[in-house]
Structures are given as structure tokens and as C-alpha cells.
Engineer: 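Structure in C-alpha cells, see below.
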Amino acid sequence: MSTASTVEGAGVSDSTDDTGRLDGASPRRIWSVLLVIVLFSEIAPTQYTMVAAALQKIAPSFPGVGANITWTMIAFGLVGASASPLIGKMSDVWGKKRLFLICGVLFAVGCLLSALTSNWWVFLAGRCLQATAIATAVVSYGLIRDLLPRRLVPVGLGLTATGFGFSAALAPLLAGWLVDNYQWRAMFWFLFGFTVLMLPVVALVVPDSKLRVREPIDIAGAALLSGGTALVLIYIDKGQDWGWGRPLTLLWLIGGLLLLAVFVLVELRVRIPVVDIRLLAHPRVSLVLITALFTSCMVGIQGYAIAYMVQTPSEDMLRGTIVNSTIDTAAQQYKLHLLPQAVRVIIDPSYSYGDGLTLLQFAVRIALIQGLLGMIFGVVAGLVARRFGPWYPLIASVVILAGVGVAEVFMPHHWGLFALTSGFFGIAFGLYYAAAPTLVVEAVPQEQQGISVGVLGVMQSMGVAIGTAAITAFLNNNPLHAQVSVAGQTRTAPIPQVFGEHGYVLGFWFAVATSVIGLLVALFMRHGRTPATGGTAF
């Protein structure tokens, strides 16, 4: 059957549905399996919620890293994006449950490394191992499609995409409590323990899908895809530091694009490709992937900017800290006892954001409501997809994301208003992350499930990386300086880990622009406007 006929074959019955589906199982059995799959696949969003919010607390442990502390998140997205297609394909061939467990083991090892080391590069190596957790979501989508009764597949995908609430509601609170009362390493110890406890539960409770794609894995194609993706992402992430237009920097971009071009040529010729290029190029799939790329930029920007801004001290608080530091330095080094009035500090440029919240305060006031709304509307999106079609929650999500970006450009940057916009962001997050995988499931045959959702993961991770890299570039171009005057002598020095407000505003404008592009692409979609079938079209 041709690719075109495959993706257009809606309404064709699935007469060979021997995947181990739990059609005859009790509701308790079905929901137990779904619960365990969701809890285990939540290790990726849980760590993202915890670590993204704690970047400002992690940064002082690695002096000299500066704004590049965002590589804590970028490395995770980079490796996850590169590995997801291969892991998705391996799950189709070798078994979804097996790869589910392997990803969990690698994640646990990565957490152990990050918790124990004081070396920046070893810490990043741990983050790279943790990135395999991104693929647990890819594999979980396949397990749900193969195991759950068809009528529950859209709801199951919605729950998996946004979780039962652990990463949404508890992770911000837990991260705040751990970091404020212990230190940031406690987060990784918790993640390690949680994963180790869940591994045997998954092994005992979750059956494996019987579906196997009886074909060799195209290692060359997988290497070209992963390598090309990695080089492009490195250019995006480091272009600001290296110079976007410098020849040596452009080599990373050119090399990545060449590898991806060769990948397409190879996959069109090889007998059993790692991914069917014609399938991905079909509008039912390609438009979802393009929308995912642009929409996910907002996720990267929002996840980094809001947590960092509200935990940054206000200008008055920062000025007071500099005054006290100057007085302490004068006393220790020069035996001078200065009065606060003798120290004059000017922050250049002036800024109006910054609430000086602790991580726990950020979790309670902002992240909690965002996470809970994301969880609730993930389920809502699954129900809407089953009743009307997944296209509708997708459109709603992108419209809301664009509106959130506009509001954050123009409104005062105070935690109370950020709580409001973050709540709307949580609604959009839940709708989007439930709708996108459902659209892919509805568009591809089950034999292409793992790799197709893996490519969706690539586009989402690339979008998050682009958004994070963009705001990092804007912030690096908008540093703050402190002009300190004592006894007629003035010195000016950059202020580490605090950035000009204009950089954040440019980041929010970037999020608006990418969300609007994603919306325009999504409007061209013609599929997903009828009730989701759970994959019965194939």
C-alpha cells in the first residue's frame, strides 16, 4: 500500500489487531496499567518542572557558567531530541516495554551523576543520560495505543501527555521544599529514588505489546537523523556565544543540514528506512510536526523566564545586597567601617521585575496552579478529541499561547500577574500536549507509531531548545551593571545572573511570533476535525 493511501485510509477496519489489547480485562486492570505507564513516563516532565525552576539556585555551584546555565536544560532537550527517533524505532522492533525500562535505568544513572558531581561537564553528562526520559513519553504513547481498548486511547494519550498530577502539582512544591531546605542536589536524589522504585512496578504491572515490526533497524539512517539534529541544535544553542555568522559557527549549521539532507536521500532509497519520509511529508503528519516546532518555542521561553524573573531580587533588594557586600569588603580588606549612606549604587539599566521569591514560594504562587490546570485540560483535550476531534484543542492551545505572550509583553512583571498568565499557559499546555500525539496516532499506521511519535518528540524538543536559546541570546545582549560610588571613587561592574528587562520582553515577543506561525500552519490542517478513533483507521 502506498503512503498516500495509508494515511488517507480513514474508516478502514483493523482486522489484525493482535497487539495484546486489554479488551477483556477488568476496569481495575486497565486503569492500573494506565496509572503505572503515566507515573513512569512523568519522570521527564517532573525533572523539567523541578530543574527549570531551580536554575538560579544551581548556577552558583558552577562559577563562570553565567547565562550558559541554560545548558542544564538545553543538553537535556538536545540529547532527548536526537535519541527519541532511534529509541522509538527500537521500541517498534525490540519491544516497547523493554525500551521503557531501559530508558528508566539510564535516567536513574544520570540522576546519580548529577547529584554527586561538582564538575560542570560531569553534571552535563548526567543531564544527557537523563534525556533518555524524553523517549519514555514516545514509548508510552505506543504502549497505550497497543494495550488500551480503542475507546480509551484518546483519553489515555491525554493523561499521558499531561500526567495524573505528580509533575503538575507536586513537583513544583517538592522542588521548592527540597531546594529551600536542603540544596538543589536533593532534587536529583529524589528523582533517582523515584525511578528506582518505579522500575520493578513497571516490570510487574505493565504487559508488553505483542506488536513487533519484523525488520532490521536502519542504523545509518538513525545516525544521520540524530547527528543532523544534534548539529543544528548546537548551532542554535551556541550561536549567540560563538557568533551567528562566523564561518566556524556556520559549519555546525551547514554540517547538520547536510546530514539531514543526506538522511532524506538515503531513506528514500533504502529498502527498509528508519522512518518513511513519504509518510512524514504527507500533510496529515508534516503539518502537525511544523506546528509542534513553532508552538514548543513558547514552552522553552515560559519555562525559563517566569521562574527566573520572580526569583530574581527586585532592584531595591539588589541595591541593598550590593551596599552590604561593599561594606563587608571594606571592613575585611581595608579595615574601614562604612555607613550605608556612604555607598551609592546605580543599577544600569533600571528594571521593574523581580520579586525575590524562594523556589517554594514560586511553586506555591505560580507553578502549582499552572500544573494543575495543565493536568485537568490534558484530560479535557482527550475527551474533546474523542467527541469532536483533536484539531480543536490544538487550535485553542496555540491561540491561548499567543495571548499569553502578548500579555507578558505589556503587563507589569509582578508575580501576581505572572500567576494569572501562567494559569492560562497551563491550560494551553494541557490542550497542546494531549492533542499533538493524538493527531499523529490518527495519521500513521501502528507499525510506524514509535518512530513517528519519536519525530514529533524531536520537533518539540527542537522548539523548546530554540525558545530557550533565543531568550538566552536576548538576555546575554541585555546585561546589567552596577555603578558603585564610595568616597568619591566609582567603579562599574557587570551583575552576574541578573539581566535587563528588555531581554525578557524580546523573548516574550519571540514567543508570540512563533505561536502565531504555529497557529497559521495548524489552520491548514484538514484531518483531526472528526472524532478520534484510537488508530482504527489502520
Engineer: What closest approach, in Å, do Ala385 and Thr438 show between heavy atoms, and which atom pair accounts for it?
Structural biologist: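 Heavy atoms only, the tightest pair is CB-CG2, 4.3 Å.
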Engineer: Describe, in one word, how the ring planes of Phe418 and Phe508 are oriented to each other, choosing from parallel (under 30°), tilted (30 to 60°) and perpendicular (over 60°).
Structural biologist: tilted
Engineer: Return the minimal non-hydrogen interatomic distance between Val205 and Pro207, and the atom names on each side.
Structural biologist: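 Scanning both residues, the minimum pair turns out to be O-CD, 3.3 Å.
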Engineer: Take Gln47 and Phe76 through the side chain to side chain contact (heavy atoms under 4.5 Å, CB included) test and state the conclusion after the steps.
Structural biologist: CA-CA 10 Å; Gln47 70 76 35; Phe76 185 87; 2.9 Å; yes
Engineer: List the atom of Leu152, the atom of Trp31, and the distance in Å for their closest heavy-atom pair.
Structural biologist: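 So the minimum-distance heavy-atom pair works out to CD2-CZ2, 4.4 Å.
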Engineer: If you look only at distance, which donor and acceptor atoms sit under 3.5 Å apart when one is on a side chain in residues 285-300 and the other is two or more places apart or in another chain?
Structural biologist:
| residue | atom | partner | partner atom | Å |
| --- | --- | --- | --- | --- |
| Ser286 | OG | Ala281 | O | 3.4 |
| Ser286 | OG | His282 | O | 3.1 |
| Thr291 | OG1 | Leu287 | O | 2.8 |
| Thr295 | OG1 | Thr291 | O | 2.7 |
| Ser296 | OG | Ala292 | O | 2.8 |

Engineer: Is the gap between the ring centers of Trp509 and Phe410 under 6.0 Å?
Structural biologist: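 Close enough - the centres of the two rings lie under 6.0 Å apart.
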Engineer: Taking the side chain as everything from C-beta on, heavy atoms only, tell me whether Leu257 gets closer than 4.5 Å to Leu253.
Structural biologist: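 Yes, at least one pair of side-chain atoms sits under 4.5 Å.
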Engineer: Considering all heavy atoms of both residues, which atom of Ala435 and which atom of Pro390 are nearest to each other, and what is their separation?
Structural biologist: CB-O, 3.5 Å
Engineer: List the residues meeting ring pair (Phe, Tyr, Trp, His ring centres under 6.0 Å) with Tyr504, not counting sequence neighbours, and say none if there are none.
Structural biologist: Tyr353
Engineer: Between Ala305 and Ile471, what is the shortest heavy-atom contact and its length?
Structural biologist: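 Minimum heavy-atom separation between Ala305 and Ile471: CB-CD1, 3.5 Å.
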Engineer: Is Leu431 close to Ile400 at the side-chain level, that is, under 4.5 Å between some pair of heavy atoms?
Structural biologist: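 With C-beta onward as the side chain, the pair touches.
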Engineer: State plainly whether the residues Lys96 and Asp208 are in salt-bridge range, i.e. N to O under 4.0 Å.
Structural biologist: no
Engineer: Under 3.5 Å, is there a donor-acceptor pair linking the side chains of Gln302 and Glu408?
Structural biologist: yes
Engineer: Rounded to the nearest 0.5 Å, what's the gap from CG on Leu519 to OG1 on Thr514? Could you check?
Structural biologist: 11.5 Å
Engineer: Could you tell me how the ring of Phe388 sits relative to the ring of Tyr392: parallel (under 30°), tilted (30 to 60°) or perpendicular (over 60°)?
Structural biologist: perpendicular
Engineer: If you define the side chain from C-beta out and look only at heavy atoms, does anything of Val505 sit under 4.5 Å from His413?
Structural biologist: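 The answer is yes, as the side chains (C-beta and beyond) meet within the 4.5 Å cut-off.
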Engineer: Using the rule ring-ring contact (aromatic ring centres under 6.0 Å, His included), only one of Phe40, Phe107, Trp94 pairs with Phe100; which is it?
Structural biologist: Phe40
Engineer: Of all the heavy-atom pairs spanning His527 and Trp391, show the shortest one and how long it is.
Structural biologist: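 In this case the closest contact between His527 and Trp391 is O-CB, 3.9 Å.
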Engineer: Between Met198 and Glu42, is there a side-chain heavy-atom distance shorter than 4.5 Å?
Structural biologist: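 Not in contact.
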Engineer: Roughly how far apart are Tyr433 OH and Phe429 CZ, rounded to 0.5 Å?
Structural biologist: 5.0 Å
